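Following: one structure in structure tokens, then a few remarks.
Lettering of chains follows the sequences in order, A, B, ..., and the numbering in each one begins at 1. Since the structure is predicted, the reported quantities are computational estimates derived from the model, not experimental observations.
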Amino acid sequence: MRDLKYDFASIEPKWQKKWQEEKTFHCENHSDKPKFYALVEFPYPSGQGLHVGHARPYTAMDVVARKRRMDGYNVLFPMGYDAFGLPTENYAIKNHIHPAKVTHDNIENFTKQLKMLGYSFDWDRVINTTDPSYYKWTQWIFLQLYKHGLAYKTTMPVNWCTSCKCVLANEEVVEGVCERCGSPVIRKEKSQWMLKITEYAQRLIDDLDDLDFIERVKIQQKNWIGRSTGAEVTFKATTGDEIVVYTTRPDTLFGATYMVLSPEHELVRKWLDAGLLHNAGDVTAYQKAAASKSDLERTELNKEKTGVCLSGVEGINPVNGRRIPIFISDYVLSTYGTGAIMAVPAHDERDWEFAKKFGCEIIEVVSGGEDVQKAAFTAKDETGILVNSEFLNGMTVKDAIPAMTEWLEEKGVGHSKVNYKLRDWVFSRQRYWGEPIPMVYCEKCGWQPLPEDQLPLLLPDVESYEPTDDGESPLSKMTDWVNTTCPCCGGPAKRETDTMPQWAGSSWYFLRYMDPHNDKALASPEALKYWSPVDWYNGGMEHTTLHLLYSRFWHKFLYDIGVVPTKEPYQKRTSHGMILGEGGEKMSKSRGNVINPNDVVAQYGADTMRLYIMFIGDFEKAAAWSDNAVKGCKRFLDRVWNLSEQCSDSLEHTPANESSLHKTIKKVSEDIEAMKFNTAIAALMALVNDFYANGCSKGDFATLLLMLSPFAPHMVEELWETMGFAAAKGGMACQQPWPVYDASKTVAAQATMAVQVCGKLRATVTVPVDSDEGTVVAAALADPKVQKFTEGKQIVKTILVPNKLINLIAR
RNA sequence: GCCGGUGUGAUGGAAUUGGUAGACGUAGUGGACUCAAAAUCCACCGCUGGCGACAGCGUACCGGUUCGAGUCCGGUCACCGGCACCA
């Protein structure tokens, strides 16, 4: 009897069925209880199914959600599927199956797996971004963005994946290659729908201050938005044209010895057209070379600066009237600032490198560094003093920046300026499996939004999902669908054939959960008011600058137009570490080290899987899977199961366990809230060890079960029922109040204190709790091990840390 | 290069934020039970010296502050993540 194993294979489905039938975790949009909205990132339903990387955040938030219910909250803990996207479309192309069918099958599989793990989602609120009743509202939000001038179409160089034949957002290009397929990304001029996220740049930074996001998320978002302050300065060209440059160092203006325009700069085109450039051939050749370069090549060539001097045109420095050469070079980006710079080689490393290669003059204007002919001096602190700069001479850099800015403004040749690295969001994809963009183009009226009563604009069936070779969406071949009438004049018009990127549906999904079946609005104002904001959102760090930033942007927009009641969508954001394969390597099919949750559940049960994934290590850090450690968790659950048959009948707590029980309640309660699941479980294991050592009552055991229930809900419910607690307390363990501890009972009557002599541990003494210094010193000095080190010496000082430690300083 | 993080036994990791380093778990060793194995239970389990009680050393490395440092400060090294010609 002692080493009986519990039969998880029959227990787990039994309780999952009961939760489903009784809708145990269903929640209403009103309650006397305080609300708590816990959110995890909904999965992309890939063909591979759920993997252990999903299980970590899902289990963590399930533990939190289950505990908060027991704490007396009305908890919304929903799940759904982010199902538009390329892998499904590629699979459909390869196997000639409709993406909707693939999506449906994958979702079915995911749902089965999520239920198998016993998550307490409200299954009545499941959403699917590819469902027309959902994407109707994604399209609706797009129309609102358009109507408020935040969506626009423009021709611009975009990131073009050579393999996916598709435009990518900057965020989807990683080290010059496509984030998804790894193929090189080149620049291509295309007409694209854009969203003006840059309009929200400052608010996206400022409002982080009021949020409870983990610090590294805030820092990463701020870095990504990349605010910098400086000045725009207008230089004249000898042609009479004005060249506006952006600089963060207006103090160094006297050191500007040449200028650089990006190869795409409009003035270059203008001067070429006007025949002003003597070396037009070199210039156009350079422009052509730069345009065809992929981002990867640009980065690789990063070491060696290239460029062409524009012969026949010069710039004029507004501070001293000096004529300086103008270059074009791809180290100046057309997409940042004004696409033109003043080069100060003495105080900028890139300019210095370029100047050395092209023989430009290097003039020191900030002293305090090494010889500027040998290296650029870039320090911005008090170490530098301005020289060779007329009215700025003798100032520190810090003082010279505002002084020069003021001078520029007075003379009308410049002004202070804030710039952001963040760029507008490229919102079109030349792909099939996405939300159709609800816009119509009419030769007479231009772009027209589809009237809202025509939403959803359904994605039509096509024969082939392959993108066309000229980069148009497969939808462009559907002439019946493309040809329509203009909503404005009624004349012939064509629909937009591009679709939205995958990030669209996930930018607002958390709102739909609040009221998922509403067909009048994306969610009712009452539901939005009741549940907003999401109280706690856990997700991966990889979404920090993508999904998390995009959805904050959309939410702020919806707030501005009065749709949502809060200016931020998520109050708290936490993030989990990755699960690595055995041995610490990333899990991948090619390495053959992928752990399938189905196998783990089949062998050990869902409760063991859940417990282990929470016990594996620090939640925020990466952790390597270990089959042996899984066994340890199973062993622990077996020990709990067997302990149930050894409890005494008393419903009172056993005195011997009292302080460890109360300490454990405190520890587990606090650790779950702090996402220190590993130590919460360690505390439960230690408590079970105590119970085995001291014996335990039914009352002790019931408390243990309640604390264990968020981690191992199936086994706990089974024991709760068979031991008669369900009948006695009326309901399942997950419906009971969370145990409370009595602070006065967390301390034992006796304290074991460390005794140090001169800071070195020499003994421990056991004294009554809260003993005063005199008592502790006397007890310490009575110990022969202490006497050995104090003999013949005088105690000159004692330091007491109550109930912890006494340090005797002896001389 | 810039920003952020981490470094503790054989191993995953603890340590109430300056107070007994190594909780809890794995692996290992010895023992009990067993014909035997598995499972379970008990004991040991940082390094060095000693039969031993014990002593010395020990949280990447060097230095500092302190009665006391894994924790704080200065410097060095290594690894991980993000950004990367953003003027």
Side-chain angles (χ1 to χ4, degrees), chain A residues 2-5 174-175 215-224 226-228 230 245-249 252 260 298-299 301-303 305 329-333 335-344 347-351 353-354 378 419-423 541-542 544-545 577-578 584 612 615-618 620-633 635-636 638-639 642 663 666-667 670 676 678-689 692 752-764 785 788 796-810:
Chain A
R2 281 176 64 81
D3 55 340
L4 197 78
K5 305 239 171 336
V174 177
E175 284 169 16
E215 207 50 36
R216 57 200 171 118
V217 168
K218 290 189 183 184
I219 291 167
Q220 222 166 287
Q221 288 207 342
K222 281 182 192 168
N223 287 348
W224 183 261
R227 183 183 203 270
S228 81
V245 303
Y246 173 70
T247 178
T248 55
R249 295 292 303 275
T252 62
V260 187
R298 282 201 173 197
T299 341
L301 296 173
N302 167 357
K303 283 165 198 134
K305 295 262 184 299
S329 171
D330 65 4
Y331 88 90
V332 172
L333 308 173
T335 46
Y336 183 77
T338 60
I341 62 157
M342 63 173 204
V344 185
H347 306 290
D348 182 282
E349 277 166 18
R350 295 149 304 181
D351 297 345
E353 200 187 316
F354 188 89
T378 57
N419 258 324
Y420 303 91
K421 289 186 201 172
L422 185 71
R423 295 180 210 165
M541 279 309 286
E542 70 275 19
T544 301
T545 53
M578 222 196 300
Y612 173 62
F615 188 60
I616 194 167
D618 185 334
E620 290 202 4
K621 292 196 199 118
W625 188 268
S626 158
D627 274 331
N628 272 326
V630 179
K631 284 181 204 152
C633 289
R635 213 172 277 163
F636 168 68
D638 285 332
R639 270 167 69 78
N642 294 326
K663 263 191 227 167
K666 181 174 194 291
K667 176 91 180 135
E670 290 171 357
K676 293 164 82 172
N678 54 339
T679 50
I681 293 165
L684 290 172
M685 288 171 167
L687 184 67
V688 168
N689 291 344
Y692 268 101
T752 303
M753 294 181 62
V755 181
Q756 295 185 341
V757 180
C758 295
K760 274 193 182 279
L761 180 73
R762 295 303 178 185
T764 56
K785 281 183 273 188
K788 216 168 101 185
V796 294
K797 192 178 171 187
T798 59
I799 293 141
L800 177 82
V801 181
N803 300 324
K804 283 277 174 192
L805 170 145
I806 181 82
N807 191 1
L808 309 173
I809 313 303

So, A:N807 side chain and A:G759 main chain: donor-acceptor pair closer than 3.5 Å or not?
yes

Rounded to whole Å, CH2 of A:W224 lies from P of B:A84 at a distance of 5 Å

side-chain N/O A:R635 vs B:A27 OP1/OP2, d < 4.0 Å
yes

The nucleotide from B:U20, B:A55, B:A23 with an atom nearest the side chain of A:A682 is B:A23

Is the shortest side-chain N/O distance from A:N223 to OP1 or OP2 of B:C3 below 4.0 Å?
no

Taking the side chain of A:I799 as its heavy atoms from C-beta onward, which of B:C67, B:C24, B:U16 lies nearest to it?
B:C67

Answer for the Watson-Crick or wobble partner of B:G13, both distances under 3.5 Å, is none

Give none if B:G19 has no partner; otherwise give the nucleotide forming a Watson-Crick or G-U wobble pair with it, both distances under 3.5 Å.
B:C67

Give a yes/no on whether any side-chain N or O of A:N419 is located under 4.0 angstrom from OP1 or OP2 of B:A87.
no

Value for CD1 (A:I341) from OH (A:Y331), rounded to nearest 0.5 Å, stands at 4.0 Å

Looking at the side chain of A:T679, which of B:C85, B:A23, B:C67 is the nearest nucleotide?
B:A23

Please give, in whole Å, the distance from B:C85 C1' to A:Y331 OH?
9 Å

Here the distance between atom C1' of B:U26 and atom CG of A:N678, to the nearest Å, is 14 Å

Spacing of A:D348 atom CG relative to B:C2 atom P, expressed in whole Å:
14 Å

Give me the atom names and distance for the closest heavy-atom approach of A:G617 to A:N678.
C-ND2, 3.6 Å

Assuming nearest nucleotide by heavy-atom distance, tell me which of A:A622 and A:N807 is located more 5' along RNA chain B.
A:A622

Does A:A623 or A:G337 map to a spot on RNA chain B nearer the 5' end, using the closest nucleotide for each?
A:A623

Under the 3.5 angstrom rule, does the side chain of A:Y612 hit a backbone N or O of A:S626 as a donor-acceptor pair?
yes

Answer yes or no: does a side-chain N or O of A:K760 lie under 4.0 Å from OP1 or OP2 of B:C57?
yes

Please give, in whole Å, the distance from B:A21 C1' to A:Q756 CD?
12 Å

Looking at B:G68, B:C24, B:U20, which one has an atom nearest to any side-chain atom of A:A754?
B:U20

B:C83, OP1 or OP2 - any side-chain N/O from A:T545 closer than 4.0 Å?
no

Taking only side-chain N and O atoms of A:R762, does any of them lie within less than 4.0 angstrom of OP1 or OP2 on B:G68?
no

Both distances below 3.5 Å, Watson-Crick or wobble geometry, any strand: find the nucleotide opposite B:G7.
B:C77

Hey, does A:K666 reach any base, or is it just sugar-phosphate, or nothing, if we go heavy atoms under 4.0 Å?
nothing

Write down the distance separating the P atoms in B:U48 and B:A39, rounded off to the nearest Å.
30 Å

So if I take every side-chain heavy atom of A:K305 and compare against B:C85, B:A21, B:G82, which nucleotide ends up nearest?
B:C85

Check the chi torsion on B:G9 and let me know: syn if it falls within 90° of 0, anti if not.
syn

Rounded to the Å, how far apart are A:M578 CE and B:G81 P?
8 Å

Rounded to the nearest angstrom, tell me the gap between atom CD1 in A:I219 and atom P in B:C83.
15 Å

Nucleotide forming a Watson-Crick or wobble pair with B:C44, both distances under 3.5 Å:
B:G28

Quiz item: A:K785 side-chain donor-acceptor pair to B:C54 base, under 3.5 Å
no

Under 3.5 Å donor-acceptor, A:Q221 side chain and A:T544 backbone
yes

Taking OP1 and OP2 of B:G19, is either one under 4.0 Å from a side-chain nitrogen or oxygen of A:N803?
no

B:C41 phosphate, OP1 or OP2, under 4.0 Å from A:R639 side-chain N/O
yes

Between atom NZ in A:K676 and atom P in B:U16, what is the gap in whole Å?
7 Å

For the side chain of A:L761, counting heavy atoms from C-beta on, which of B:A87, B:U26, B:A21 is nearest?
B:A21

Given that both distances must come in under 3.5 Å, which nucleotide forms a Watson-Crick or G-U wobble pair with B:A37?
none

Hey, is NZ on A:K666 packed in by over 12 heavy atoms from elsewhere, all under 6.0 Å?
no

Under 4.0 Å between a side-chain N/O of A:K218 and OP1 or OP2 of B:G82, yes or no?
no

For A:T248 and A:S228, work out which heavy atoms get closest and say how close.
CG2-OG, 3.9 Å

Closest approach to the side chain of A:T764, judged atom by atom: which nucleotide of B:C24, B:U20, B:U16 is it?
B:U20

Return the nucleotide paired to B:G1: Watson-Crick means purine N1 to pyrimidine N3 with N6-O4 or O6-N4, wobble means G-U with N1-O2 and O6-N3, both under 3.5 Å.
B:C83

